[in-house]
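Reading through the structure tokens given below for one structure.
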Amino acid sequence: MIVKFFSEKKKAKKISFEIQKNVKNMLDSGQYTNAKYVKKFEEQFKKYFNAKYCVAVNNGTSALHLSLLALKIKKDDEVIIPSMTFIASAAAINYVGAKPVFVDVNKNDWLINPNLIEKYITKKTKAIMVVHLHGLMCDMDKIKKIATKYKLKLIEDAAQTHGSLYKNKSPGYFSDVASFSFYPTKNLGAVGEGGAILTNNKDIFEKTKRMRTWSHKKYNFFEIGFNYRMAEFSAISLLAKLKFLSSDIKRRIIIAKKYKDNLKTQNFSIFDETIKKHSYHIFAITVNAKKRKKIMTALKLKGIETNIHYPYNLSELKILDKKKNKTSSPESHRISKEFISLPIYPELNDKKILYTCKVLNQVLDS
């Protein structure tokens, strides 16, 4: 049996007619970027997340970049960030000349540890960027209190968190701004690339909106801007797929439960389900670091594809910190060596889920 790590063939068939119809309309209009369908998507996306404002852009990293600029994060400022996340989170901070300051994660849920944050706050600290890893939101109450106490801006990297909730609130509710990615493998993925900014702050909305498209006003400019516009085709695909997001999240939760019920290992993310709704962009487990490669190879031989999100700890990367200290984020260091991501997507059927569990149990027992 072949179990793909990710496949969207069935979804593609469901949305192909609508996409083709709207692409014809787009071609007839001659407007291919930041036009009718982008605006329509912005309206529907902000409504889904109950936010006041949405700015669609070309990818999630651009969304982070513009968010930092709108919050006036600049050269030599410091931004607190978890050690365990994709490099784009830290790269966006570097784009504005600021410094990412890495904080270790919790042992149980792999999210930034709020009890460690204050230790890293200095006079240069201007913001906290939380990352809702794998689709699980951070402890936003605690982090919001810290941000308020020290008068820091709060940014949510919600690239993996379409459909997630914390105390029934979506990303963007607790923070100044939340950024999203629509990379094809995301819970809401474009046919191509895409990103978005959600905020309830009008000033942030207006600045990010103008800066995504050269920040111009007729024949003059407000500031140096960027070419971060979303393509109409990406918006067309996102509009078609947004209709399935709620049902897709429900299916992801069901798949995650089947893994939890049928796997012998309990080394997955542990959290309070009465407070948080996990959207399961990724379902990861941790294994013995020395056996990870062997385990993944054994699964592959049985037709099961796996992945690693992420095989590095940001605080250890020389490109980000030349004075790296490997002991500064011990949990992130450990987890980066132990992570294995299992297949999880709405089209994955029960037979393949149970087969994956059966084979993985056998491999872990051997």
Any idea which heavy atoms bring [X] and [Y] closest together, and the distance?
X: Ile335; Y: Trp110; answer: CD1-CD1, 3.2 Å
X: His216; Y: Thr213; answer: CD2-O, 3.1 Å
X: Val131; Y: Pro82; answer: CG2-CG, 3.6 Å
X: Leu111; Y: Met137; answer: CD1-O, 3.3 Å
X: Thr199; Y: Asp176; answer: OG1-O, 2.7 Å
X: Asn313; Y: Ser329; answer: ND2-O, 3.6 Å

For His134, which of Phe271, Phe268, Phe339 qualifies under ring-ring contact (aromatic ring centres under 6.0 Å, His included)?
Phe339
Carefully, step by step, assess Tyr310 and Phe86 under the rule ring pair (Phe, Tyr, Trp, His ring centres under 6.0 Å).
CA-CA 7 Å; Tyr310 298 98; Phe86 185 51; 5.7 Å; yes
Any ion pair linking [Y] and [X] (charged N to carboxylate O, less than 4.0 Å)?
X: Glu338; Y: Arg334; answer: yes
X: Glu206; Y: Arg212; answer: no
X: Asp28; Y: Lys24; answer: yes
X: Lys276; Y: Asp139; answer: yes
X: Asp350; Y: Lys258; answer: yes
X: Glu347; Y: Arg251; answer: no

Is any side-chain heavy atom of [X] closer than 4.5 Å to a side-chain heavy atom of [Y]?
X: Lys14; Y: Lys241; answer: no
X: Glu78; Y: Thr122; answer: yes
X: Lys207; Y: Glu223; answer: yes
X: Ile253; Y: His278; answer: no
X: Cys138; Y: Ile143; answer: yes
X: Asn94; Y: Leu320; answer: yes
X: Val101; Y: Ile121; answer: no
X: Pro330; Y: Asp104; answer: yes

Please assess Leu69 against Val96 for the test side-chain contact (heavy atoms from CB on, under 4.5 Å), listing each intermediate value before the final yes or no.
CA-CA 7 Å; Leu69 289 169; Val96 300; 3.7 Å; yes
Can you confirm if the aromatic rings of [Y] and [X] lie within a centre distance of less than 6.0 Å?
X: Phe49; Y: Phe45; result: yes
X: His132; Y: Tyr166; result: no
X: Phe41; Y: Phe182; result: yes

Working note: Leu188 + Leu238, criterion side-chain contact (heavy atoms from CB on, under 4.5 Å); need CA distance, chi angles, decisive distance, verdict.
CA-CA 7 Å; Leu188 179 63; Leu238 289 167; 3.9 Å; yes
Using the ring of Phe222 (Phe, Tyr or Trp, six-membered ring only), decide whether Arg210 places NZ or CZ under 6.0 Å from its centre and within 45 degrees of its axis.
yes
Using only heavy-atom distances, determine whether the side chains of Ser170 and Tyr48 contain a donor-acceptor pair under 3.5 Å.
no
Does a side chain donor of either Thr33 or Glu232 reach within less than 3.5 Å of an acceptor in the other side chain?
no
Start with the C-alpha gap between Tyr355 and Lys302, add the side-chain angles, then the distance that decides, and say whether side-chain contact (heavy atoms from CB on, under 4.5 Å) holds.
CA-CA 10 Å; Tyr355 172 72; Lys302 292 291 185 177; 3.5 Å; yes
Among the clusters formed by ILVMFWY side chains lying less than 4.5 Å apart, do [X] and [Y] turn up in the same one?
X: Met84; Y: Met140; result: no
X: Leu299; Y: Leu354; result: no
X: Leu239; Y: Ile249; result: yes
X: Ile270; Y: Ile340; result: yes
X: Leu198; Y: Leu64; result: yes

Would you say that more than 12 heavy atoms from the other residues, nucleotides or ligands in this model lie under 6.0 Å from the [atom1] of [X], or not?
X: Asn361; atom1: CG; answer: yes
X: Lys11; atom1: NZ; answer: yes
X: Phe283; atom1: CZ; answer: yes
X: Lys352; atom1: NZ; answer: yes
X: Lys144; atom1: NZ; answer: yes
X: Leu301; atom1: CG; answer: yes
X: Lys153; atom1: NZ; answer: no
X: Tyr183; atom1: OH; answer: no

Any chance you could lay out the side-chain contact (heavy atoms from CB on, under 4.5 Å) test for Thr161 and His281, step after step, and finish with the verdict?
CA-CA 7 Å; Thr161 326; His281 166 56; over 6 Å; no
For the NZ atom of Lys337 and the CG atom of Asn288, what is their distance to the nearest 0.5 Å?
13.5 Å
Between CG on residue Leu348 and OG1 on residue Thr356, distance to nearest 0.5 Å:
6.5 Å
Would you sort out whether Glu305 and Lys4 count as a salt bridge (charged side-chain N to carboxylate O under 4.0 Å, His left out), showing the intermediate values?
CA-CA 5 Å; Glu305 296 179 358; Lys4 292 285 187 182; 3.6 Å; yes
Do the rings of His309 and Phe5 sit parallel, tilted or perpendicular, given the 30° and 60° boundaries?
parallel
Worked check of salt bridge (charged side-chain N to carboxylate O under 4.0 Å, His left out) between Asp141 and Lys167:
CA-CA 9 Å; Asp141 279 342; Lys167 293 186 176 179; 2.3 Å; yes
Just do the side chain to side chain donor-acceptor pair (under 3.5 Å) check on Glu118 and Tyr150 with the steps written out, would you?
CA-CA 9 Å; Glu118 289 186 86; Tyr150 291 93; 2.6 Å; yes
Would Arg252 and Asn187 count as a side chain to side chain donor-acceptor pair (under 3.5 Å) here? Give the steps.
CA-CA 9 Å; Arg252 286 176 178 274; Asn187 292 3; 3.2 Å; yes
Run Lys264 and Asp365 through salt bridge (charged side-chain N to carboxylate O under 4.0 Å, His left out) and show every step you take.
CA-CA 9 Å; Lys264 291 181 180 179; Asp365 283 343; 2.7 Å; yes
